[in-house]
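Numbers restart at 1 for each chain; the letters A, B, ... are given by sequence-line order, proteins then strands.
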There are 2 protein chains.
Amino acid sequence: MNIGEIARQAGVSRSTVSYVLSGRRTVSEPTRRRVQQVIDELDYRPNASARALKEGRTRVLGLVIPPAAQRLTDMQLGFVASVVEAAAEADLDVLLSPSGGDHDRSFERMITGRRVDGVILMEIRLEDARVARLQQTRLPFVTIGRTAHADDTCWVDVDYATLIGRCVHHLADLGHRHVALVNRSAELVAAGYGPGHRALAGFNTAVAERGLSGTDVCCADDAAAGEQCVQRLLVTRPEVTAIATLNEAALPGIGRGLERAGRTVPKDFSIAGVAARHWAEDFRPPLTSADVPATQMGAHAVELLRERIATPDTSPRHLLLSPPISLRASTGPVPPAR
Amino acid sequence: MNIGEIARQAGVSRSTVSYVLSGRRTVSEPTRRRVQQVIDELDYRPNASARALKEGRTRVLGLVIPPAAQRLTDMQLGFVASVVEAAAEADLDVLLSPSGGDHDRSFERMITGRRVDGVILMEIRLEDARVARLQQTRLPFVTIGRTAHADDTCWVDVDYATLIGRCVHHLADLGHRHVALVNRSAELVAAGYGPGHRALAGFNTAVAERGLSGTDVCCADDAAAGEQCVQRLLVTRPEVTAIATLNEAALPGIGRGLERAGRTVPKDFSIAGVAARHWAEDFRPPLTSADVPATQMGAHAVELLRERIATPDTSPRHLLLSPPISLRASTGPVPPAR
DNA sequence: TTGTACGCGTTATCAT
DNA sequence: ATGATAACGCGTACAA
């Protein structure tokens, strides 16, 4: 089923059919109707490859996700879903590439085969080979998260440094003097994962500003690790009365660990964090946290990318989000010294 | 950068370059090397649209996911990740469409625009408009899950009826006489979501076979709903001593609800389920469950779809999985009557 | 090894 | 003001 077939059955030329479709030229009403009827009857839709070939654009966005080996986190999933949704809203499709480093076949296919009009990258490292690779090409791209030197790229990110800092200040206001940061996994931090580094920086700054004693520990992204981590922490740093964390997947374990150790939240121990809302709300008691707006971030990323595709030569735009902390029930005044 | 440019710089014809690329004709070694060198220097990669147009296939698979409105479950995410991974393994790309019903723009684009060589559908209803729509077209497709009359389609599914039945038999073997099924959400079941219906059927059959008393309740897919659900259940059916469930997202809440009610698992109360392994392992105590192999299912779906694309006219293959129940720590002998 | 037709939709240009 | 013709985008594969 192609445009020539429609033209034949409607008794017009191929270009007329094309003009009926695009509306780029006026076509006499009777002709238009006749052509449209044949189109409807045969349920004709132009071949996307032919159109892309001619127009020089595919109406497809690429989305690079972390390889499935490391199970995607809830937040990453939120990004994927919201990107796809926002793209669909704009009649754009999304092509997925599961790629960790560069030199990845699917990544290379995506960016060199002119399959996509632009790329959204997530799970960005401070030094990221994929970003470097994309900068070599002329392909517009936007990152969710940012590299260490991201002034000349387009990105949307959460300001983990500020948010973790705010958590610390909130805890300090409540009288806590000994606080701990439960960071993301050691591997992730070692690999230069931005949020981990920036959260630590923000933590250290705030701790210094308030004259607190601060400890930071890495913790794998799952409940079991969270539980172990808390157990160890309570032994090695018994003076700690509050935790700040960006490790949402560890939260259930952190809660369990405290419970097992006989600490009641928030009476004996406080927790504040940066997490997706449903993690915060599912925590018992509900977690005081800055809720990461994953859904909006995906939508923003698509918006920035569309701009960039439309006008590639304007200076890159950024978006650094710091959602306010929602006071819930997991933080309270420091308990009297034992 | 196109094939003509490469040909010019290498001093050969376009077809020669094409043959060097595809290897479908032997090219003299010196020529081949010269061409290859130019290709490498210019980092040339054929235009995917042009190739798709000529070859009549895109090397892209479509994956239809539920719209993001209802947050994707962990298991759905597992499917997506494993499909993408398996496709990448076979040098295929994946195009995503977030579509609930039919008549969805992105769904229609995908299947009528010849953008994809085949489609994988998930979150299948017993009566599914998208399946009907796909059957009208000639496009090969595979479903994860199956409709009520799925003999002539290609699918891979988990045998929820059998697995929930096995849970019930296991609980009956331990002496439990009053068991409850915690199903997926009422909306999902009302919409004809297959697993919900089949789990209920399997539950009823097994309950009847063993002469037990059975109750079934629907429960939204989150922890809070699970907690409420258990609270209500313990009040309305105080005789119940065991739960079978396929609602993994409700598990943390179910655990909390039992704890609040003073029931210890597995001493006072048993739970068995069908869930992704990490949900089972994160449960306290670890959940006795049939672990849904989401990862393999995605890979199987891709495999079946590739077969179907290669040989569209063979009779459709199915794959009904019933993974064994892993005994963990959440089931035990029925407690003595109070 | 090369020339060339083909796949299909778009659009500039020419004809009516 | 409409409709028709033809070139173009790019890679593939058959005929020469």
Rounded to the nearest angstrom, tell me the gap between atom [atom1] in [X] and atom [atom2] in [N].
| X | N | atom1 | atom2 | result |
| --- | --- | --- | --- | --- |
| Arg45(A) | dT10(C) | CZ | P | 13 Å |
| Lys54(B) | dA13(D) | NZ | P | 7 Å |
| Asn47(A) | dC6(C) | CG | C1' | 13 Å |
| Glu5(B) | dG11(D) | CD | C1' | 15 Å |
| Leu53(A) | dT12(D) | CG | P | 12 Å |
| Ile3(A) | dT10(C) | CD1 | C1' | 8 Å |
| Glu55(B) | dA5(C) | CD | C1' | 17 Å |
| Arg32(A) | dA1(D) | CZ | P | 18 Å |

Base, sugar-phosphate or nothing for Thr31(B)? Non-hydrogen atoms, less than 4.0 Å.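 Contact class for Thr31(B): sugar-phosphate only.
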Remember a base hit wins even if backbone is also touched, and classify Val17(B) as base, sugar-phosphate or nothing at under 4.0 Å, heavy atoms.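 Here Val17(B) touches no strand at all.
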Is [X] side chain donor-acceptor paired with the [N] base, going by distance under 3.5 Å alone?
| X | N | value |
| --- | --- | --- |
| Arg34(B) | dT1(C) | no |
| Thr16(A) | dG3(D) | no |
| Arg25(A) | dG3(D) | yes |
| Tyr19(B) | dC14(D) | yes |
| Arg14(B) | dG3(C) | no |
| Ser15(A) | dT5(D) | yes |

Answer with yes or no whether the side chains of [Y] and [X] bring together a donor and an acceptor at under 3.5 Å.
| X | Y | value |
| --- | --- | --- |
| Ser97(B) | Ser106(B) | yes |
| Gln136(A) | Arg133(A) | yes |
| Ser15(B) | Ser18(B) | no |

Using heavy atoms to find the nearest nucleotide of DNA chain D for Ser28(A) and Ser22(B) separately, return the residue whose nucleotide is more 5′.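 Nearest nucleotide further toward 5': that of Ser28(A).
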For Arg24(A) and for Gly11(B), locate the closest nucleotide of DNA chain C by heavy-atom distance; then report the residue assigned to the nucleotide nearer the 5' terminus.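 Going by which nucleotide is closer to the 5' end, it is Gly11(B).
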Would you check, one step at a time, whether the test side-chain hydrogen bond (donor to acceptor under 3.5 Å, both in side chains) holds for Thr147(A) with Asp128(A)? CA-CA 7 Å; Thr147(A) 61; Asp128(A) 202 297; over 6 Å; no
Tell me whether the OP1 or OP2 atom of [N] has a side-chain N or O from [X] closer than 4.0 Å.
| X | N | value |
| --- | --- | --- |
| Asn2(A) | dC8(C) | yes |
| Tyr44(B) | dC10(D) | no |
| Ser13(B) | dT1(C) | no |

Could you check which of dG9(C), dT12(D), dG3(C) has an atom nearest any side-chain atom of Arg51(B)?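 In terms of side-chain proximity for Arg51(B), the closest of dG9(C), dT12(D), dG3(C) is dT12(D).
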Can you tell me which nucleotide in dT2(D), dA4(D), dC8(C) comes closest to the side chain of Thr26(A)?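 Taking heavy atoms from C-beta onward, the closest nucleotide is dT2(D).
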Answer yes or no: is there a side-chain heavy-atom contact under 4.5 Å between Thr16(B) and Arg32(B)?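 No, their side chains stay 4.5 Å or more apart.
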Is there side-chain contact between Glu5(A) and Val38(A), with at least one heavy-atom pair below 4.5 Å?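 Sidechains of Val38(A) and Glu5(A): no contact.
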Determine to 10° how strongly the helix from dT1(C)-dA16(D) to dT16(C)-dA1(D) is bent, judged from the axes of its five-pair ends.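 Between the first-five-pair axis and the last-five-pair axis there is 60°.
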Would you find a donor on one side and an acceptor on the other, under 3.5 Å apart, between the side chain of Trp155(A) and the backbone of Ala150(A)?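 Yes: the side chain of Trp155(A) pairs with the backbone of Ala150(A).
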Residues Arg115(B), Asp93(A): salt bridge by 4.0 Å N-O rule: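 Result for this pair is yes, salt bridge flagged.
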